[in-house]
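Remarks on the structure that follows.
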Amino acid sequence: MPSADLQPAFVLIRPQMGENIGAAARGMWNFGLDRMRVIAPRDGWPNQKAVAMASGAGRLLDEAQIFDDTQGALADCDYVYATTARPRGLTKLVLSPEAAMQDARKRVAKGQKVAVLFGPERSGMENEDIARANAIISVPVNPEFPSLNLAQCVLLTGYEWRREAVEVEASRVDAVGDWAEQIEIEKLTEHYEERLQEAGFFYPEHKAESMKLNLRNMWSRMPMTRADVQMLHGMMRQMVRWKERD
């Protein structure tokens, strides 16, 4: 059964290769989308090459709705977006993938049934298909090479849908083990200051305080785990032992 999440249907118009249908299913499921509709697949249905390529997203293929034409696939939809990279000579609202999925999420939240159209791999959508859409999704691709693979376009649009649902971290550090507490960083700083003082590192004397401040600031800038702190303590102890052997 499809998930209970409110979401758009992704409609593949006359896809030519089973592998691309499977890759599209995999891309959809990566971002929590599982309403696939397929219009007149060239190589028939079901398609074993699609199943093999789906790699874990086979449920989407099992539950995919198959239609003979675009009109039938969109019959129950309230609002439709068509993905295309080429100007079509049609007067349409043109949206970026990000803006389109923002708009789609608002419409779905109001109870509207929304669909996104994706054209065949080789030629893209025909104007007759695009004319049925309310708006166009235009990807800012290289104008000298505007063609996107079907699965790539599905993946990109799915990502933008997902991005509107979850908070995306711009950056993070994944720690293996627990992060070091402030007191542990403080003890590490004192250990190094003491040993470096004994080694005559803080020289000349009038620069000693500034050097210690820089050292303390360096430790505070470094996101360290407890394992990192223990290793640095061990490194310093080993260097001292090695020096004392001479």
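Just so you know, these numbers use all the heavy atoms, side chains as well, and skip hydrogens, waters and symmetry mates. Since the model is a prediction, treat every value here as computed from it, not as a measurement.
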How close do Val139 and Leu156 get, counting heavy atoms only, and between which atoms? CG1-CD1, 3.9 Å
Angle between ring planes, His191 versus His233, binned at 30° and 60°: parallel, tilted or perpendicular? parallel
Residues in ring pair (Phe, Tyr, Trp, His ring centres under 6.0 Å) with Trp219, at least two apart? Tyr192
Do Ile185 and Ser220 come within less than 4.5 Å of each other through their side chains, counting heavy atoms only? no
Donor-acceptor pair, side chain of Glu193 and main chain of Glu190, under 3.5 angstrom: no
Does a side-chain heavy-atom distance below 4.5 Å link Val38 with Pro15? yes
Output for pair (Trp29 CH2, Ser55 OG), nearest 0.5 Å, gives 14.0 Å
Do Val240 and Leu215 belong to the same hydrophobic cluster, where Ile, Leu, Val, Met, Phe, Trp and Tyr are linked whenever their side-chain heavy atoms lie under 4.5 Å apart, directly or via other members? yes
Contact between Leu188 and Met224 at the side-chain level, heavy atoms closer than 4.5 Å - yes or no? yes
Does any non-hydrogen side-chain atom of Met101 lie less than 4.5 Å from one of Thr157? yes
Ring-face cation of Arg105 near Trp161 (centre distance under 6.0 Å, axis angle within 45°): yes
Flag, side chain of Gln7 to backbone of Asp34, donor-acceptor distance under 3.5 Å: yes
If the threshold is 4.0 Å, N to carboxylate O, is there a salt bridge linking Arg163 and Glu160? yes
Distance (rounded to the nearest 0.5 Å) between Asp103 CG and Ser96 OG: 10.5 Å
Quick test of your reading of the model: are Arg14 and Asp129 salt-bridged, counting only N-O distances below 4.0 Å? yes
On a heavy-atom basis, which atom in Phe31 and which in Gly158 lie closest, and how many Å separate them? CB-O, 3.4 Å
Report the hydrophobic cluster partners of Met53, with the cluster defined as I, L, V, M, F, W, Y residues connected by side-chain heavy atoms closer than 4.5 angstrom, directly or transitively. none
Can you check whether Leu155 reaches Asn30 side chain to side chain, under 4.5 Å on heavy atoms? yes
Do Ile39 and Asp68 come within less than 4.5 Å of each other through their side chains, counting heavy atoms only? no
Leu196-Met231 co-clustered via ILVMFWY side chain contacts under 4.5 Å: yes
Are Phe10 and Leu61 in one and the same hydrophobic cluster, where Ile, Leu, Val, Met, Phe, Trp and Tyr link if side-chain heavy atoms are under 4.5 Å apart? yes
Okay, side chain of Asp43, backbone of Met17: is any donor-acceptor separation there less than 3.5 Å? no
With rounding to the nearest 0.5 Å, note down the distance linking CZ in Arg132 to CG in Asn127. 12.5 Å
Between Arg195 and Glu198, which heavy-atom pair has the shortest distance, and what is it? NH1-OE1, 3.1 Å
Rounded to the nearest 0.5 Å, what separation is found between the CE atom of Met222 and the CG atom of Asn217? 12.0 Å
Salt bridge check, Arg35 against Glu63: does any charged N sit closer than 4.0 Å to a carboxylate O? no
Answer yes or no: is there a side-chain heavy-atom contact under 4.5 Å between Lys110 and Arg107? no
Could you check whether Gln65 and Arg37, counting side-chain N and O atoms only, form a donor-acceptor pair closer than 3.5 Å? yes
Minimum heavy-atom distance Val154-Ala24, with the two atoms named: CG1-O, 3.5 Å
Under 3.5 Å: donor-acceptor pair, side chain of Asp228, backbone of Thr225: yes
Between Asp78 and Lys113, is there a side-chain N and carboxylate O pair less than 4.0 Å apart? no
Minimum heavy-atom distance Val108-Pro8, with the two atoms named: CG2-N, 4.3 Å
Taking atom types as modelled and ignoring hydrogens, do the side chains of Gln197 and Lys212 form a donor-acceptor contact shorter than 3.5 angstrom? yes
One should read off an interatomic distance between Leu150 CG and Glu19 CD, to the nearest 0.5 angstrom, of 12.0 Å
Spatial distance of atom OG1 (Thr189) from atom CE (Met218) [nearest 0.5 Å]: 8.5 Å
Begin with the C-alpha distance, continue with both residues' side-chain angles, and end with the deciding distance and a verdict on side chain to side chain contact (heavy atoms under 4.5 Å, CB included) for Met239 and Met236. CA-CA 5 Å; Met239 286 189 289; Met236 177 57 78; 4.2 Å; yes
Do Val11 and Phe118 come within less than 4.5 Å of each other through their side chains, counting heavy atoms only? no
Quick one: which of Thr83, Leu74, Ile130 gives a side chain to side chain contact (heavy atoms under 4.5 Å, CB included) with Leu117? Leu74
Given the rule in the side chain to side chain contact (heavy atoms under 4.5 Å, CB included) test, do Leu93 and Ile136 qualify, once you have shown the distances and angles that lead to the verdict? CA-CA 6 Å; Leu93 173 64; Ile136 286 174; over 6 Å; no
With sequence neighbours left out, the residues meeting ring pair (Phe, Tyr, Trp, His ring centres under 6.0 Å) with Tyr79 are Tyr81
If every non-hydrogen atom of Met211 is compared with every non-hydrogen atom of Phe202, which pair is closest and at what distance? CB-CD2, 3.8 Å
Residues Val80, Val114; criterion side chain to side chain contact (heavy atoms under 4.5 Å, CB included); working and verdict: CA-CA 6 Å; Val80 179; Val114 172; over 6 Å; no
